[in-house]
2 protein chains.
Amino acid sequence: MNHRRSTPAPAARQSAGKASPWASSRERQRGHKLKRDAVVRAAAREFNRKGYHNTSLDDIAARLEVTKPTVYYYVTSKEQLLFQCFLAGVEQIRAAFRDTRGQQAPARERLWAVLRHYGEAMASEFGWCMARTEDQDLSPAMSRHIKALKSEIDHGIRRLIREGVQDGSIHPCDPKMTAFALAGALNWIAYWYREDQSLTGGQIAASFLAIFETGLRPRGNRGAQIARRAPRRGARTPARPATRRTAPLAR
Amino acid sequence: MNHRRSTPAPAARQSAGKASPWASSRERQRGHKLKRDAVVRAAAREFNRKGYHNTSLDDIAARLEVTKPTVYYYVTSKEQLLFQCFLAGVEQIRAAFRDTRGQQAPARERLWAVLRHYGEAMASEFGWCMARTEDQDLSPAMSRHIKALKSEIDHGIRRLIREGVQDGSIHPCDPKMTAFALAGALNWIAYWYREDQSLTGGQIAASFLAIFETGLRPRGNRGAQIARRAPRRGARTPARPATRRTAPLAR
DNA sequence: TAGGATACCTACCGATGAGTATGATCCCAA
DNA sequence: TTGGGATCATACTCATCGGTAGGTATCCTA
């Protein structure tokens, strides 16, 4: 049980050139934050694998080769750990929104850019925590906090949809229902995606968005539009389905 | 704590005319099944409200105004209770598949019919159990069983998509990814739908399917196609969004 | 080199909740 | 009326797990 010195000082001795006073203190802080992040990431991976309730803090600690009190040294509660995982994922999506702000492209393209990052976030190790966290597991205060963040993203999507309908880049539709459908499809990635998958989150998102863009009813006469289904960002068309046995309803 | 005789004999004395031998025995059986179903439904509702892990069997028992051993009299374990809820929901979807078998309509219409029932099932009290059950909560055997059922549904959807592409009623697409997108959007209903909602599950499903059918990229010249978004089965167009504050990421 | 902060451990507590042992009560059939 | 099955309650067991108490080793600063 003595893993004591197996992880002596993970990755801290790099900026050793600056020998100012408090340097070591700052380095210590850096090390602290690094370790804390490692705790959060380990938790996210365990939650992802086994679910929140089936993951004990002993599990997380074991994964890091430390003991439970060590985890508590970096985090105040299991709930807060879940919250941190949630935040880490949501931050990727919020960043995507910030990126598009100020762009001049049609709203549909801006929306697509956001949703591609959205899909990537869902396929990341934090996807589970974002999509599958039950707010019944959380204290009322934290539940409110998370709901607010979710609502912010939701309304960001709806706004882009409305703008798209106005600028003509999106077919007239109900923004709320459309946002639900888009987010639902993308959130579901967190249910079936695992890292050994052959497609990246971005590729999956691009594939989904192509479906949403074209629709399933056959388009008029020019069949060449099928080619449009290929994603933009250099991701090759995922026409070749992965071999893994997954079902939409399955994890 | 003594609710003993508050539910004396729920709903059994109906076929009292037939005084055959074993009649009371059969009636007893009927009563047993009725009570058992009531237990399953109560469990589904509690799981739906608070999640599987936050629902104790004492909660379910209290809801039925009985005690825990009574629940165990009708069910062998909590896991089995969850499984029964899952089955009840899935059965609705399988019935939808059976209904379409033998129909002559284009595959897209058959698919749409199935998915409308799918959406209804997701909005039902069993939606949570179908969509949100983590198979890590289940024993390996039961997990396999559930996965098989999910896979059956998944492949049914994929097959209809393939048929649609072949008969020309569906725009060429990757069946696997399309099935994921469709199922994801519909499964997500179980996350945000509550019974007090102004829309029925069928209406929501119809609204989603309209989006999937038309696509978000503007269609050619005739703008009248917007009217097509209205669902078929007498459900009025859900253009008026419900007032509830829900976010796609939120429950 | 003392003193304090940092980082981590061993060993525990307390609550929760799944599942059960045991027995009481009621109804039906012989 | 008597026995047996069906139904349900009281009162437990037992394992798990979140969280803590209290102590120890290490390193930095003064």
Side-chain angles (χ1 to χ4, degrees), chain A residues 1-10 12-13 16 19-36 38-39 43 46 50-62 64-82 137-139, chain B residues 1-10 12-13 16 19-36 38-39 43 46 50-62 64-82 137-139:
Chain A
M1 284 291 187
N2 187 6
H3 306 102
R4 190 64 194 285
R5 293 289 86 183
S6 58
T7 326
R13 310 287 175 228
S20 84
W22 298 104
S24 71
S25 167
R26 253 185 287 136
E27 264 185 21
R28 191 123 75 172
Q29 270 184 17
R30 246 178 63 90
H32 189 89
K33 179 168 172 23
L34 280 175
K35 289 183 186 174
R36 187 192 149 94
V39 169
E46 289 299 297
K50 309 193 297 182
Y52 180 69
H53 290 281
N54 298 315
T55 300
S56 71
L57 283 170
D58 281 318
D59 290 340
I60 298 170
L64 294 163
E65 292 182 292
V66 294
T67 57
K68 188 164 57 173
T70 302
V71 172
Y72 273 97
Y73 183 72
Y74 291 98
V75 119
T76 66
S77 71
K78 190 183 182 185
E79 182 189 36
Q80 214 234 350
L81 202 45
L82 178 59
D137 300 340
L138 303 167
S139 66
Chain B
M1 285 288 186
N2 187 5
H3 307 101
R4 191 66 195 283
R5 293 288 87 183
S6 58
T7 325
R13 310 287 174 229
S20 85
W22 298 104
S24 69
S25 167
R26 254 187 285 135
E27 264 185 21
R28 191 123 75 173
Q29 271 184 18
R30 245 178 64 90
H32 189 89
K33 180 167 172 25
L34 280 175
K35 288 183 187 175
R36 188 191 149 95
V39 169
E46 289 300 297
K50 310 193 297 183
Y52 180 68
H53 289 283
N54 298 315
T55 300
S56 71
L57 283 172
D58 281 318
D59 290 341
I60 298 170
L64 293 163
E65 294 182 293
V66 294
T67 57
K68 189 164 56 175
T70 301
V71 172
Y72 273 98
Y73 181 73
Y74 291 98
V75 120
T76 67
S77 70
K78 189 183 181 185
E79 183 190 35
Q80 214 232 353
L81 202 44
L82 178 59
D137 300 341
L138 303 168
S139 67

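A, B, ... follow the sequence lines: proteins, then strands. Residue 1 opens every chain. Remember, predicted model here, so these are calculated numbers, not experimental data.
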For nucleotides 12-19 of chain C, give me one character per nucleotide, 5' to 3': B if any protein heavy atom sits under 4.0 Å from the base, S if the only such contacts are to the sugar-phosphate, - if neither. -----SBB
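Residues passing the salt bridge (Lys or Arg N to Asp or Glu O under 4.0 Å) test with A:D59, sequence neighbours excluded: A:K50. Residues meeting the side-chain contact (heavy atoms from CB on, under 4.5 Å) test with B:T70, sequence neighbours left out: B:V66, B:T67, B:Y74. The side-chain hydrogen bond (donor to acceptor under 3.5 Å, both in side chains) search around A:D58 returns none, not counting sequence neighbours. A:S139 pairs by the side-chain hydrogen bond (donor to acceptor under 3.5 Å, both in side chains) definition with A:E79, not counting sequence neighbours. Shown here are the ring pair (Phe, Tyr, Trp, His ring centres under 6.0 Å) partners of A:Y72, two or more places apart in sequence or in another chain: there are none.
The interatomic distance linking A:Y74 (OH) with D:dG18 (C1') rounds to 20 Å, in whole Å. A:E65 has its CD atom 17 Å from the C1' atom of C:dA7, to the nearest Å.
Among the nucleotides C:dA7, D:dC8, C:dC9, the one closest to the side chain of A:K35 is C:dA7.
Rounded to the nearest 0.5 angstrom, A:L64 CG and A:K35 NZ are separated by 11.0 Å.
Phosphate proximity of D:dA9 to B:T67: present, with a side-chain N or O under 4.0 Å from OP1 or OP2. Dashed line: the shortest gap from a side-chain N or O of B:H32 to OP1 or OP2 of D:dA6 is not under 4.0 Å. Note on B:Y73: every side-chain N or O is 4.0 Å or more away from OP1 and OP2 of D:dC8.
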